[in-house]
Amino acid sequence: MNIPDTNNSRIVIIGGGFAGVNLAKSLANKNVQVVLVDKHNYHTFQPLLYQVSSSGLEPDSIAYPLRKIIKKHKNSFFRLAEVEQILPESNEIITSIGHLTYDYLVIATGTKTNYFGNKAIESNSMPMKSVPQALDIRSLILENFEKAAIANSEAEREAFLNFVIVGAGPTGVELAGAIAELKNNILPRDYHDLNPEDMHIHLLEGADRVLPPMSEHASKKAEMFLKRLGVKVSCNTIVKHYDGTTVTTNAGLAMESETLIWAAGVTGAPIHGLKPEAIMERVNRYNVNRFNQVDEYANIFAIGDIALMPTEAYPKGHPQVAQPAIQQGNLLGKNLLRLIDNKPLKPFVYKDKGSMATIGRNKAVVDLKHYKFGGFFAWFIWMFVHLMSLVGFRNRVIVLFNWTYNYINFDKAARLIIRPFKK
């Protein structure tokens with residue numbers, strides 16, 4: 001892999017998400033060699049993927065080159081590769097471009113879409129975990145509008161204008177609100193030959209309320225906002241089958257739709273090679289201690305969504321969102337330096353900064369430790385937090401400009417079919 005030999009400890013980080021990037025930053029220009037490996041050459045700001053899917057932002061506003069992040073780190077290297085296997089006995093990883101030895105290995109591979117074993121849904125639905133997938137959804141939505149305009153029958157038109165989103169967590173709720181804004185603001189202006197009332201957005205959730213991870217106050221507010229936008233919310237509803245045209249649920253409900261977006265859950269993305277007991281099989285996450293060390297391994301760590309660290313406050317592990325990943329990455333960088341210097345490690349303690357979700361223009365919900373609120377102020381806070389969390393000044397400027405333009409003009413300027421998509 002053409003990594004220079006070094007007398008310093010080599011720390012290999014697999015994954016350039018929130019956890020991996022913050023770990024790499026915390027080790028910048030220290031007396032260690034850092035090798036960051038990822039199958040993409042960019043970091044994705046996943047909380048805003050839904051805006052790429054719904055034509056609100058271009059992908060380059062939420063993606064940032066990994067090499068640019070570490071360009072001033074004289075001790076850091078990046079390799080574009082997919083890690084295929086870990087060989088813990090020889091302290092080595094096997095990648096798509098070669099082998100590499102390590103002194104310390106950090107797994108920060110995050111999650112992938114969980115279809116719960118349903119092959120039909122996996123084959124026919126649209127996931128949204130990456131930039132290419134978000135672009136595919138954008139193309140499919142816009143192509144469906146074009147096909148609806150030339151449909152030969154009402155039933156065919158209805159199928160193209162029926163959008164089903166499965167999973168009413170933050171991703172599903174935010175995407176449903178964004179597609180509803182396409183219906184309310186874009187369809188009447190761009191497609192004079194289509195009746196906006198013929199377009200339907202269905203949000204299906206297996207639990208008894210939307211936003212199950214958040215408070216009941218947030219759930220009620222979010223559902224109210226969604227219904228005001230025209231989204232049809234169905235709770236206690238589980239999708240059993242989808243063949244590409246017909247959605248079938250546990251309640252016997254069947255609807256025709258050319259688009260089913262799967263936001264119903266994630267599972268870990270572990271790498272082959274570690275002992276089976278190191279992984280919690282049900283969720284595919286590595287069992288780690290309070291220092292993020294993987295069970296059975298002293299020099300292998302896991303951080304972020306792939307790490308399962310049961311604590312008294314979080315017996316099922318920390319939530320799979322950005323903040324735990326960021327905080328674990330920052331602390332592990334300090335702990336690795338302590339480990340090299342034979343100093344005691346500091347245990348990880350998660351500082352919950354709250355959770356939030358936006359449902360559309362002037363509509364959001366925020367859960368803080370002592371306050372819960374929704375509406376315009378929550379929406380403003382949501383925008384500020386996400387804007388400041390983006391990597392890179394350029395991205396912040398572009399996103400702010402797009403949001404301002406969209407807000408003033410009730411528009412979504414990125415509605416381009418750059419790469420046509422076929423299911």
Side-chain angles (χ1 to χ4, degrees), residues 1-44 63-110 130 269-275 278 286 288 291-294 296-307 325-326 328-343 345 391-392:
M1 292 175 63
N2 203 26
I3 301 294
D5 292 332
T6 178
N7 293 323
N8 294 327
S9 296
R10 176 181 289 163
I11 299 171
V12 175
I13 306 168
I14 306 173
F18 288 110
V21 162
N22 279 276
L23 171 58
K25 285 181 177 180
S26 71
L27 294 170
N29 300 319
K30 306 296 183 184
N31 290 324
V32 293
Q33 185 187 72
V34 178
V35 182
L36 178 61
V37 183
D38 197 289
K39 60 184 176 182
H40 301 296
N41 76 329
Y42 55 85
H43 164 78
T44 303
Y64 198 82
L66 288 170
R67 284 189 178 275
K68 193 170 182 179
I69 293 173
I70 64 169
K71 68 179 182 180
K72 294 182 179 178
H73 305 179
K74 302 303 182 186
N75 63 327
S76 299
F77 300 85
F78 171 74
R79 290 296 180 264
L80 181 64
E82 188 160 4
V83 179
E84 299 166 348
Q85 189 176 358
I86 301 169
L87 303 176
E89 298 82 7
S90 56
N91 290 336
E92 189 177 11
I93 59 171
I94 300 175
T95 79
S96 54
I97 60 170
H99 295 212
L100 183 67
T101 57
Y102 60 83
D103 294 297
Y104 300 96
L105 177 68
V106 183
I107 306 168
T109 48
S130 67
I271 300 169
H272 180 68
L274 301 190
K275 297 176 182 177
Y286 289 105
V288 300
F291 312 111
N292 284 98
Q293 285 173 307
V294 175
E296 307 286 332
Y297 300 97
N299 66 336
I300 300 179
F301 300 78
I303 54 176
D305 292 353
I306 194 66
I326 292 169
Q328 287 181 0
N330 288 333
L331 178 63
L332 182 57
K334 297 172 184 174
N335 272 339
L336 284 169
L337 297 176
R338 288 191 183 97
L339 190 61
I340 292 167
D341 292 337
N342 294 312
K343 294 180 179 178
L345 306 184
V391 178

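Position 1 is the first residue of the sequence, and the numbers go up from there.
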Min side-chain heavy-atom separation Thr95-Arg79 under 4.5 Å: no
Crowding at CG, Asp341 (>12 non-hydrogen neighbours, <6.0 Å): yes
Ignoring hydrogens and geometry, is there a side-chain-to-backbone donor-acceptor pair from [X] to [Y] under 3.5 Å?
X: Thr44; Y: Ser130; answer: no
X: Gln85; Y: His272; answer: no
X: Asn29; Y: Lys74; answer: yes
X: Asn299; Y: Tyr102; answer: no
X: Glu84; Y: Ile94; answer: no

Considering residues at least two apart in sequence or located in another chain, which fulfil the ring-ring contact (aromatic ring centres under 6.0 Å, His included) criterion with Tyr297? none
Which residues share a ring-ring contact (aromatic ring centres under 6.0 Å, His included) with His73, sequence neighbours left out: none
Can you name the closest pair of heavy atoms from Asn41 and Phe78 and give their distance? CA-CZ, 3.8 Å
Looking only at heavy atoms, the pair that brings Val294 and Phe301 closest together is CG2-C, 3.8 Å
Could you pull out every donor-acceptor pair under 3.5 Å between side chains of residues 7-22 and any protein atom, sequence neighbours left out?
| residue | atom | partner | partner atom | Å |
| --- | --- | --- | --- | --- |
| Arg10 | NE | Gln33 | OE1 | 2.6 |
| Arg10 | NH1 | Thr101 | O | 3.2 |
| Arg10 | NH1 | Thr101 | OG1 | 3.3 |
| Arg10 | NH2 | Pro4 | O | 3.2 |
| Arg10 | NH2 | Gln33 | OE1 | 3.3 |
| Asn22 | ND2 | Phe18 | O | 2.7 |

Quick one: which of Leu332, Ile340, Asn91 gives a side-chain contact (heavy atoms from CB on, under 4.5 Å) with Tyr104? Ile340
